[in-house]
**Q** 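Starting off with a structure, shown below.
In what follows, every heavy atom counts, from backbone to side chain, and hydrogens, waters and symmetry copies are set aside. Note that the structure is predicted; figures quoted are calculated from it, not measured.
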Amino acid sequence: MFDFIIRHLLSFLIFVPVAGAAALLLVRDARAARSIALLVSLVELGLCVPLLANFDTATATMQFVEGLDNNLPWIKAWDIYYKLGVDGISVLFVALTALLTTISIMVSWKAVTERVREFMAAMLFLEAGMIGVFTALDLFLFYIFWEAMLIPMYLLIGVWGGPNRIYAAIKFFLYTLVGSVLMLVAILAVYFAAGKTFDVLALMQYKYSYTFQLYAFAAFFAAFAVKVPMFPFHTWLPDAHVEAPTAGSIILAGILIKMGAYGFIRFSLPFFPDAAMSWTPAIMVLSVIAIIYGAYMAFAQTDFKKLIAYSSVSHMGFVTLGIFALNSQGLEGGILQMLNHGVSTGALFLAVGIIYERTHTRMIADYGGIAARVPVYATFLMIITLSSIGLPGTNGFIGEFAILLGAFQHSAPYAVIASIGIVLGAGYMLWLYQRIAFGTITNPHNEHLADMNVREVAAALPLVALVFIVGLYPNAAFSFMHASVSNLIQHVNAKAQVAPAVAQIITRALGN
């Protein structure tokens with residue numbers, strides 16, 4: 001039985017949450033719905049243990065594969081197959097998805113009181129879709145999972161969100177849908193250009209014309225840039241975060257926005273290396289703009305949650321900067337920072353949710369001096385704040401350091417400008433903490449705040465542990481991704497040709 005589970009581990013990871021969500025449709029009691037959802041998420045988290053324990057970090061090939069020999073046809077007439085696999089680039093995101101889903105269900109235990117069954121079912125369906133995105137090796141299958149995620153997230157925002165939830169949900173849906181439609185057109189173009197196949201591994205080996213690459217890269221870029229979100233495609237993110245329930249914000253910040261960056265790494269770079277190199281200067285410029293812009297916007301916020309949302313724009317600018325440095329240091333730093341951002345920003349939204357349940361306000365001015373009343377919460381918030389600003393010894397430091405190292409090797413001015421964003425990030429996060437935790441209590445409602453309970457501490461502890469594990473021993477993460485990243489860099493360099501004159505003109509015009 002164990003061998004069967006290992007052979008089909010990725011399928012179990014996708015369909016166990018689906019089965020759990022289906023089971024919830026038969027339950028009426030809210031307490032039972034919460035318990036079933038938590039149990040399913042814990043089973044899912046447990047399945048990640050053999051996934052990580054049996055992962056061979058020495059190889060760049062896909063592992064835990066299913067259907068790679070085309071023995072699992074889905075729509076055979078169109079050459080669409082059920083193909084799954086993970087490598088060092090995707091395996092850690094599967095585990096992070098399982099962890100954050102469990103934490104999101106725990107933090108929603110008391111916060112969600114209406115339509116509990118439907119909420120938990122949406123969470124489990126969303127988990128299945130996210131894991132499907134990270135494991136699909138058929139481009140059509142990937143697109144199905146990519147689109148499937150929109151529905152439960154739309155519902156989480158639109159049904160269980162704040163006062164302006166409908167506006168935020170529609171804006172989120174429309175932004176992502178427009179990008180996804182363009183990507184679908186590009187997927188079909190790739191399918192016909194490569195001889196009618198959706199096999200991701202086969203498509204990586206196909207050499208497309210330079211003109212085709214430019215158009216296809218742009219279409220994929222539309223979908224991935226919106227999802228990251230890159231400047232100036234970011235405007236849906238603050239609204240979505242502010243209106244989403246705590247669980248929705250944790251998943252949105254921790255996993256969903258990482259899928260845009262993952263798409264760049266998994267598809268854009270290996271499929272279209274010439275176009276990627278040609279447009280790298282433009283993307284690097286957009287990345288450093290996002291870093292500085294996001295930081296300045298965070299300084300201006302009076303809403304705790306919106307400040308964290310704008311900080312995500314800045315942090316994801318570092319991620320895209322590292323990815324398009326197109327060297328191993330930058331790419332590994334970008335992947336690690338995606339994981340780190342999922343941990344630290346997910347924890348920050350958890351902190352927002354915990355204090356909001358007690359005060360029913362997100363205005364920073366309504367807090368002040370609460371460290372004296374809730375010392376455990378203040379300690380948790382301090383640790384995550386230091387992680388977010390990249391203090392040495394925390395997970396945020398090593399990711400930003402690797403990104404800056406890679407960016408400096410690519411072009412020193414980008415690294416210099418990005419380093420300003422680190423200083424600004426430390427400024428707005430420490431100022432935020434000072435306004436929340438220190439000083440005298442000016443709001444009488446905060447005199448009798450209750451500190452974090454056992455459930456909330458249990459939800460926070462794994463994230464705190466990861467802050468220090470990755471911060472003090474980053475090779476625990478780097479060892480998984482090193483072989484796959486090295487292989488990707490070699491693949492891009494080997495497949496790319498000298499860029500035509502148009503690309504050289506673009507590069508010179510952008511000052512690189």
**Q** Indicate yes or no: at least one non-hydrogen side-chain atom of Val352 is less than 4.5 angstrom from one of Thr246.
**A**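 No, side chains not in contact.
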**Q** With distance as the sole test, does Asn446 use its side chain to make a donor-acceptor pair with the main-chain N or O of Ile370 at under 3.5 Å?
**A**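 Looks like no, no N/O pair under 3.5 Å.
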**Q** Can any side-chain N or O of Ser314 pair as donor or acceptor with the backbone N or O of Tyr310 at less than 3.5 Å?
**A**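 No, the answer is negative, given that no donor and acceptor are paired below the 3.5 Å cut-off.
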**Q** If you look only at distance, which donor and acceptor atoms sit under 3.5 Å apart when one is on a side chain in residues 387-399 and the other is two or more places apart or in another chain?
**A**
unit_1	atom_1	unit_2	atom_2	d
Ser387	OG	Asn395	OD1	2.5
Ser388	OG	His315	NE2	3.4
Thr394	OG1	Leu391	N	3.4
Thr394	OG1	Leu391	O	2.5
Asn395	ND2	Asn340	OD1	3.4

**Q** Do Trp431 and Gln434 have side-chain heavy atoms sitting under 4.5 Å apart?
**A**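 With C-beta onward as the side chain, the pair touches.
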**Q** How close do Met153 and Leu252 get, heavy atom to heavy atom, and via which atoms?
**A**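 Between these two residues, the closest heavy atoms are CE-N, 4.2 Å.
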**Q** Is it true that Thr361 and Thr359 share a donor-acceptor pair across their side chains at a distance under 3.5 Å?
**A**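 There is no such pair between these side chains.
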**Q** Donor-acceptor pair, Gln337 side chain versus Val319 backbone, under 3.5 Å?
**A**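 Side chain of Gln337 to backbone of Val319, a donor-acceptor pair under 3.5 Å: no, none is there.
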**Q** When rounded to the nearest 0.5 angstrom, what distance separates CE in Met230 from CZ in Phe221?
**A**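 Those atoms lie 4.5 Å apart.
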**Q** Report the relative orientation of the aromatic rings in Phe220 and Phe272; use parallel for angles under 30°, tilted for 30 to 60°, perpendicular for over 60°.
**A**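 Tilted.
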**Q** Please tell me if the side chains of Phe145 and Ile131 come closer than 4.5 Å, counting only heavy atoms from C-beta onward.
**A**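 Phe145 vs Ile131: side chains apart.
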**Q** If you round to the nearest 0.5 Å, how far is CH2 of Trp279 from CZ of Phe217?
**A**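 Between Phe217 CZ and Trp279 CH2, I get 9.5 Å after rounding to 0.5 Å.
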**Q** More than 12 heavy atoms of other residues, nucleotides or ligands under 6.0 Å from CZ of Phe299: yes or no?
**A**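 Atom CZ in Phe299 is packed in, count exceeds 12.
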**Q** Considering only heavy atoms from C-beta outward, does the side chain of Ile364 approach that of Ile436 to under 4.5 Å?
**A**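 A side-chain contact under 4.5 Å exists here.
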**Q** Please assess Val200 against Met204 for the test side-chain contact (heavy atoms from CB on, under 4.5 Å), listing each intermediate value before the final yes or no.
**A** CA-CA 6 Å; Val200 170; Met204 287 180 181; 3.6 Å; yes
**Q** Testing the basics here: between Met123 and Ser104, what is the closest heavy-atom pair and its distance to 0.1 Å?
**A**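 Closest heavy-atom pair between Met123 and Ser104: CE-CB, 3.5 Å.
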**Q** As a quick check of understanding, evaluate ring-ring contact (aromatic ring centres under 6.0 Å, His included) for Tyr262 and Phe134, giving each step before the final call.
**A** CA-CA 8 Å; Tyr262 173 78; Phe134 290 124; 5.0 Å; yes
**Q** Looking at every non-hydrogen atom in both residues, tell me the closest pair between Ile157 and Ala244 and how far apart they are.
**A**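 The pair with the smallest heavy-atom distance is CG1-CB, 4.0 Å.
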**Q** In terms of heavy-atom contacts, does NE2 of His491 have more than 12 from other residues, nucleotides or ligands at under 6.0 Å?
**A**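 Enclosed.
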**Q** Are side-chain heavy atoms of Leu466 and Leu339 found at a separation under 4.5 Å?
**A**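 No. Closest side-chain heavy atoms not under 4.5 Å.
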**Q** Output yes when a side-chain donor or acceptor of Arg266 lies under 3.5 Å from a complementary backbone atom of Gly263, and no otherwise.
**A**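 Not at all, since once roles are kept as given, no pair shorter than 3.5 Å links the two residues.
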**Q** Roughly how far, to the nearest 0.5 Å, is the CZ atom of Phe480 from the CG atom of Asp87?
**A**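 Nearest 0.5 Å value for the CG-CZ distance: 12.5 Å.
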**Q** Backbone N or O of Asn453 within a donor-acceptor pair of the Glu456 side chain at under 3.5 Å?
**A**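 Such a contact is found between Glu456 side chain and Asn453 backbone.
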**Q** Determine whether the aromatic ring centres of Phe324 and His410 lie less than 6.0 Å apart.
**A**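 No, they do not, as the ring centres are separated by 6.0 Å or more.
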**Q** Within the 4.5 Å heavy-atom criterion, are His234 and Tyr293 side-chain neighbours or not?
**A**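 Side chain of His234 against side chain of Tyr293, heavy atoms only: contact under 4.5 Å found.
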**Q** Distance from Leu99 atom CG to Ser41 atom OG, nearest 0.5 Å?
**A**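 Between Leu99 CG and Ser41 OG, I get 10.0 Å after rounding to 0.5 Å.
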**Q** Determine whether a donor-acceptor pair (N or O, by modelled atom type, separation under 3.5 Å) exists between the side chain of Arg435 and the backbone of Tyr367.
**A**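 Side chain of Arg435 to backbone of Tyr367: no pair is present.
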**Q** A side-chain contact here means heavy atoms from C-beta on lying under 4.5 Å apart; do Leu47 and Leu51 qualify?
**A**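 With C-beta onward as the side chain, the pair stays apart.
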**Q** Nearest 0.5 Å, please: how far is OH in Tyr428 from OG in Ser311?
**A**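 Answer for the OG-OH pair, Ser311 versus Tyr428, is 4.5 Å.
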**Q** Stepwise, does the ring-ring contact (aromatic ring centres under 6.0 Å, His included) test hold for Tyr356 with Phe304?
**A** CA-CA 10 Å; Tyr356 179 79; Phe304 191 175; over 10 Å; no
**Q** Backbone N or O of Met363 within a donor-acceptor pair of the Thr302 side chain at under 3.5 Å?
**A**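 Side chain of Thr302 to backbone of Met363, a donor-acceptor pair under 3.5 Å: no, none is there.
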**Q** When you look at CZ of Phe55, are more than 12 heavy atoms from neighbouring residues, nucleotides or ligands closer to it than 6.0 Å?
**A**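 Check passes, neighbour count above 12.
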**Q** So, taking the atom named CZ in Phe318 and the one named CG in Leu404, what distance separates them when rounded to the nearest 0.5 Å?
**A**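 Those atoms lie 6.0 Å apart.
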**Q** Please give me the minimum heavy-atom distance between Ser180 and Trp146, naming the atom from each residue.
**A**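 Closest heavy-atom pair between Ser180 and Trp146: OG-NE1, 3.0 Å.
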**Q** Determine whether Lys227 and Met149 satisfy the following criterion, side-chain contact (heavy atoms from CB on, under 4.5 Å), listing intermediate values before the conclusion.
**A** CA-CA 12 Å; Lys227 190 75 81 175; Met149 294 184 307; 4.3 Å; yes
**Q** I need the minimum non-hydrogen distance between Met259 and Val133, along with the two atoms involved.
**A**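 Heavy-atom minimum between the residues: SD-CG1, 4.0 Å.
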**Q** Please determine, by modelled atom types, if Ser287 and Tyr414 share a side-chain donor-acceptor pair under 3.5 angstrom.
**A**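 Short answer, no.
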**Q** Quick check against the 3.5 Å criterion: does Glu243 have a side-chain atom that pairs as donor or acceptor with the backbone of Ala169?
**A**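 Not confirmed, Glu243 side chain does not pair with Ala169 backbone.
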**Q** Should Leu126 and Ile251 be marked as a side-chain contact (heavy atoms from CB on, under 4.5 Å) after you check the CA-CA gap, both sets of side-chain angles, and the distance that decides it?
**A** CA-CA 9 Å; Leu126 182 59; Ile251 294 297; 3.6 Å; yes
**Q** Would you tell me whether Ser312 and His341 have side-chain atoms, one donor and one acceptor, within less than 3.5 Å of each other?
**A**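 Note: Ser312 and His341 side chains meet the donor-acceptor criterion.
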**Q** Just by modelled atom types, is the Phe173 backbone N or O under 3.5 Å from a matching donor or acceptor in the Thr176 side chain?
**A**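 Looks like yes, one N/O pair under 3.5 Å.
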**Q** Is a donor from one side chain sitting under 3.5 angstrom from an acceptor on the other, for Asn487 and Ser484?
**A**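 On atom types as modelled, these side chains do not qualify, holding no pair under 3.5 Å.
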**Q** Between Trp236 and Leu174, is any pair of side-chain heavy atoms under 4.5 Å apart?
**A**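 Contact flag for Trp236/Leu174 side chains = no.
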**Q** Closer than 3.5 angstrom, by distance alone: can the side chain of Lys258 be matched with the main-chain N or O of Val228 as a donor-acceptor pair?
**A**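 Judged by distance alone, no pair lies under 3.5 Å.
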**Q** Quick one: closest heavy-atom pair of Met284 and Ala325, and the distance?
**A**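 Closest approach of Met284 to Ala325, heavy atoms only: SD-N, 4.1 Å.
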**Q** List the steps and the verdict of side-chain contact (heavy atoms from CB on, under 4.5 Å) for Val492 and Met277.
**A** CA-CA 9 Å; Val492 170; Met277 290 182 176; 3.9 Å; yes
